[in-house]
Colleague: 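Sharing a structure below in structure tokens format, with a few things to ask.
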Amino acid sequence: MSFNRADQQRKLNDTFDICIIGGGASGAGVALDATLRGYKVLLLEKGDFASQTSSKSTKLVHGGVRYLEQAVRNVDWHQFKMVYKALHERKILLKNAPHLAHPLGLLTPCYTRWERWYYRLGMWLYDKISGSTNLQSSRGLSKKEIQAEFPSIESHHLRGGVLYYDGQLNDARYALAILKEAERLGACILNYASLNSFELGTKSLKIKKVVFSDLISGESFTIPVKAVVNATGPFTDKIRTLANPRLKPRMKVSRGAHIVLPAEFWQGETALLIPKTDDGRVIFVIPWREYVLVGTTDDPDTLSETPVILEAEKEYLISYFNRYSVKKAAQADISATFVGQRPLLQVQLDSAMNTDTKSLVRDHEVEVDGRSKLVSIMGGKWTTYRVMASDTMDVLERDVLNAAVTPCLTKDHALVPASSVLLPEDLSSDIRTHLTELYGPAAGEVYAYGSQRLLEGQPYLLGELSYLKEHEMAITWDDVLVRRWGIGLRDEAMAKHLKAIKKEAFAS
């Protein structure tokens with residue numbers, strides 16, 4: 001079968017052990033882990049895969065430099081363990097889908113001798129914690145070295161800096177790759193499938209069936225399952241109370257606001273970490289597929305399915321970008337904006353000194369509701385998605401299925417199988433880069449669907465649209481432009497133009 005909705009709907013006649021609600025990083029990770037452990041899996045996503053938090057990240061695979069700083073300052077072993085765990089996951093994430101994730105150099109500028117010593121020591125510790133999984137060793141730089149190697153940074157008052165390494169990923173496509181691999185191994189994966197209710201046992205009140213609607217056809221389904229995993233990120237509480245109205249809310253959200261500028265405003269492949277702002281936040285300036293992403297996180301927010309950037313946030317990010325960039329930008333230069341909401345645990349807020357979400361750990365917790373036996377994976381971040389899935393399955397097997405815990409097999413499992421269909425050797429370099437970066441070993445299969453450009457001067461192909469419908473479950477233009485290609489998050493005008501010239505490709 002192929003990864004399209006028609007083929008997945010045929011699988012609904014099967015029996016299932018586990019139903020996963022949520023098709024972002026967490027749900028995808030659990031689906032693959034559970035399938036590799038031998039379970040029959042059904043995954044339901046209300047919208048498109050990774051359409052919420054998991055496609056609106058800062059695109060980093062990182063241990064968390066700021067969390068390490070807090071761990072040392074506060075002598076906080078919990079935060080240290082979280083950083084350790086994330087640092088040791090980075091290399092695994094990069095290894096299992098190398099076309100979707102790669103090392104990224106980040107420069108931290110320093111303006112005093114104290115800062116040079118402080119950040120150099122911090123990055124040295126960051127390297128040491130990584131151990132054998134370190135991507136590349138950090139190094140201190142003088143002002144002259146920065147001016148020579150990184151001409152985009154404003155060097156006025158600069159005393160030096162520290163260059164360290166984390167990773168960068170195509171978040172939406174990485175989630176899709178995990179889901180496609182889970183499906184290839186036997187899972188049933190459906191987008192635009194909205195959970196309506198649970199059917200509970202008459203005595204135990206344990207979840208026995210899931211009831212959901214196909215939002216495309218309008219058809220409803222009732223599926224018996226042995227266990228249910230709630231992997232809905234910021235929306236976790238809604239599913240928890242659907243299973244058991246007596247449960248108290250656990251989740252809070254913080255927002256990550258991002259603006260995107262053309263690459264001309266930040267030359268080179270090295271990112272910038274601005275570790276200290278007037279209000280205590282961290283800002284990243286990150287080269288991102290011929291554009292530059294400027295973003296910050298950890299501002300408290302109200303839960304929303306469609307968060308939008310505020311004018312004040314645009315001004316804030318442009319202002320800080322211009323402090324550090326030689327080439328200055330104005331709001332008119334912004335090519336796109338997006339906001340993602342991060343799931344934070346209420347228990348962390350209760351234990352914090354205040355409600356400032358900058359102080360919270362992005363660690364995760366697996367909860368089992370004693371009545372319904374709903375398993376909820378809460379908190380966490382992209383970098384640790386695989387550990388989150390493993391912990392979820394361990395708890396599910398032990399506390400819900402009352403079975404022996406089986407080994408997690410995802411650590412060394414490549415996400416995109418090799419293909420015998422190769423790209424032609426004389427292919428234009430921009431198309432080759434586009435196809436290999438997005439599809440990896442499957443690039444030749446995609447190209448076989450047609451070589452005609454959708455728009456002159458752009459690498460997007462008309463034949464890709466058929467491939468995305470048949471093999472990547474794309475239903476709407478936004479599925480393609482925002483998540484399969486990502487151009488909608490980088491250049492809104494270009495996305496609208498692509499949509500307009502081929503508007504008949506999707507009915508919606």
Side-chain angles (χ1 to χ4, degrees), residues 1-51 54 175-201 206-233 235-236 238-240 242-243 366 368-369 372-377 385 388-390 392-393 395-397 400-401 403 406 410 472-473 475:
M1 288 191 175
S2 295
F3 194 73
N4 59 60
R5 298 187 83 255
D7 282 352
Q8 297 312 299
Q9 285 175 328
R10 294 186 186 99
K11 292 184 180 181
L12 292 175
N13 295 320
D14 296 343
T15 58
F16 297 99
D17 300 310
I18 301 169
C19 177
I20 300 162
I21 311 300
S26 300
V30 176
L32 180 58
D33 195 324
T35 304
L36 285 171
R37 295 192 196 204
Y39 293 100
K40 290 291 294 182
V41 172
L42 168 65
L43 181 142
L44 306 175
E45 164 56 47
K46 179 181 177 181
D48 187 28
F49 306 120
S51 57
S54 295
L176 185 67
I178 302 168
L179 290 165
K180 288 187 69 175
E181 181 62 4
E183 188 279 332
R184 188 183 72 83
L185 296 172
C188 176
I189 310 291
L190 273 173
N191 58 0
Y192 296 100
S194 179
L195 176 69
N196 295 329
S197 62
F198 296 118
E199 290 191 9
L200 309 179
K206 178 183 177 182
I207 297 172
K208 297 295 185 181
K209 298 178 181 179
V210 293
V211 182
F212 71 93
S213 296
D214 182 331
L215 298 180
I216 305 301
S217 69
E219 189 176 358
S220 293
F221 299 87
T222 300
I223 306 293
V225 293
K226 298 176 182 177
V228 177
V229 176
N230 173 16
T232 54
F235 306 94
T236 295
K238 181 178 179 180
I239 307 301
R240 291 173 68 244
L242 188 65
V366 182
V368 179
D369 172 33
S372 68
K373 298 301 180 182
L374 175 72
V375 179
S376 296
I377 173 65
Y385 88 90
M388 293 165 63
S390 177
T392 301
M393 284 305 303
V395 170
L396 184 149
E397 287 185 309
V400 179
L401 299 180
T406 52
T410 57
E472 293 199 348
M473 221 178 296
I475 306 300

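Since the structure is predicted, the reported quantities are computational estimates derived from the model, not experimental observations. Note: hydrogens, waters and symmetry copies are ignored here, and every other heavy atom, side chains too, is used.
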Colleague: What pair of heavy atoms forms the shortest contact from Ala25 to Ser54, and how long is it?
Modeller: N-OG, 2.9 Å
Colleague: Any sub-3.5 Å donor-acceptor pair from Asp369's side-chain atoms to Ala243's backbone N or O?
Modeller: no
Colleague: When you check the gap from the basic side-chain N to the acidic O, do Lys180 and Glu183 get nearer than 4.0 Å?
Modeller: no
Colleague: If you draw a 6.0 Å radius around NZ in Lys46, do more than 12 non-hydrogen atoms from other residues or ligands fall strictly inside?
Modeller: no
Colleague: Treating Thr410 as the side-chain partner and Asp33 as the backbone partner, does any N or O pair qualify as donor plus acceptor under 3.5 Å?
Modeller: no
Colleague: With rounding to the nearest 0.5 angstrom, report the OH to OG1 distance, Tyr39 to Thr406.
Modeller: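 These two atoms lie 5.0 Å from each other.
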Colleague: Using 0.5 Å steps for rounding, measure from the CZ atom of Arg10 to the CG atom of Asp7.
Modeller: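 Going from the CZ atom of Arg10 to the CG atom of Asp7 covers 4.5 Å.
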Colleague: Any side-chain heavy-atom pair from Met473 and Leu179 closer than 4.5 angstrom?
Modeller: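 The answer is no; the side chains never approach within 4.5 Å.
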Colleague: On a heavy-atom basis, which atom in Val30 and which in Met393 lie closest, and how many Å separate them?
Modeller: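 Minimum heavy-atom contact is CG1-SD, 4.1 Å.
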Colleague: What I want to check is whether the side chains of Ser51 and Asp48 have a donor and an acceptor closer together than 3.5 Å.
Modeller: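 No, no side-chain donor-acceptor pair sits under 3.5 Å.
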Colleague: To the nearest 0.5 angstrom, please state how far the CD1 atom of Ile207 sits from the CZ atom of Phe198.
Modeller: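 Atom-to-atom, Ile207:CD1 and Phe198:CZ are 4.0 Å apart.
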Colleague: Which atom names give the shortest non-hydrogen contact between Lys208 and Gly201, and what distance separates them?
Modeller: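 What the structure gives for the nearest pair is CG-N, 3.6 Å.
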Colleague: In Å and rounded to the nearest 0.5 Å, what is the CG to CZ distance from Leu374 to Arg240?
Modeller: 8.5 Å
Colleague: Run Leu43 and Phe49 through side-chain contact (heavy atoms from CB on, under 4.5 Å) and show every step you take.
Modeller: CA-CA 10 Å; Leu43 181 142; Phe49 306 120; 4.3 Å; yes
Colleague: Pair Phe16, Cys188 - check side-chain contact (heavy atoms from CB on, under 4.5 Å), show working.
Modeller: CA-CA 9 Å; Phe16 297 99; Cys188 176; 3.7 Å; yes
Colleague: Any donor-acceptor pair under 3.5 Å linking the side chain of Glu397 with the backbone of Thr392?
Modeller: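 Judged by distance alone, no pair lies under 3.5 Å.
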Colleague: Applying side-chain contact (heavy atoms from CB on, under 4.5 Å) between Ser213 and each of Leu195, Asn196, Leu44, report the one that passes.
Modeller: Asn196
Colleague: To the nearest 0.5 Å, how far apart are CZ in Arg184 and CG in Leu32?
Modeller: 10.0 Å
Colleague: Show, in sequence, the C-alpha distance, side-chain angles and deciding distance for Val375 and Asn230, and conclude whether the side-chain contact (heavy atoms from CB on, under 4.5 Å) test is met.
Modeller: CA-CA 6 Å; Val375 179; Asn230 173 16; over 6 Å; no
Colleague: Closest approach of Asn191 and Gly47, non-hydrogen atoms and distance?
Modeller: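 Closest approach of Asn191 to Gly47: CB-O, 3.2 Å.
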Colleague: Which of these, Ile21, Leu12, Thr222, sits in a side-chain contact (heavy atoms from CB on, under 4.5 Å) with Phe212?
Modeller: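 That would be Leu12; it is the only one of Ile21, Leu12, Thr222 passing the side-chain contact (heavy atoms from CB on, under 4.5 Å) with Phe212.
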Colleague: Quick check for you: to the nearest 0.5 Å, what is the distance between Leu42 atom CG and Asp14 atom CG?
Modeller: 10.0 Å
Colleague: Taking all non-hydrogen atoms of both residues into account, name the closest pair between Lys226 and Val400 and its distance.
Modeller: O-CG1, 4.2 Å
Colleague: Taking all non-hydrogen atoms of both residues, which atom of Ala31 and which atom of Ile189 are closest, and how far apart?
Modeller: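 So the minimum-distance heavy-atom pair works out to CB-CD1, 4.5 Å.
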Colleague: Begin from the C-alpha positions of Arg37 and Ser390 and carry the test side-chain contact (heavy atoms from CB on, under 4.5 Å) through to its verdict.
Modeller: CA-CA 10 Å; Arg37 295 192 196 204; Ser390 177; 3.7 Å; yes
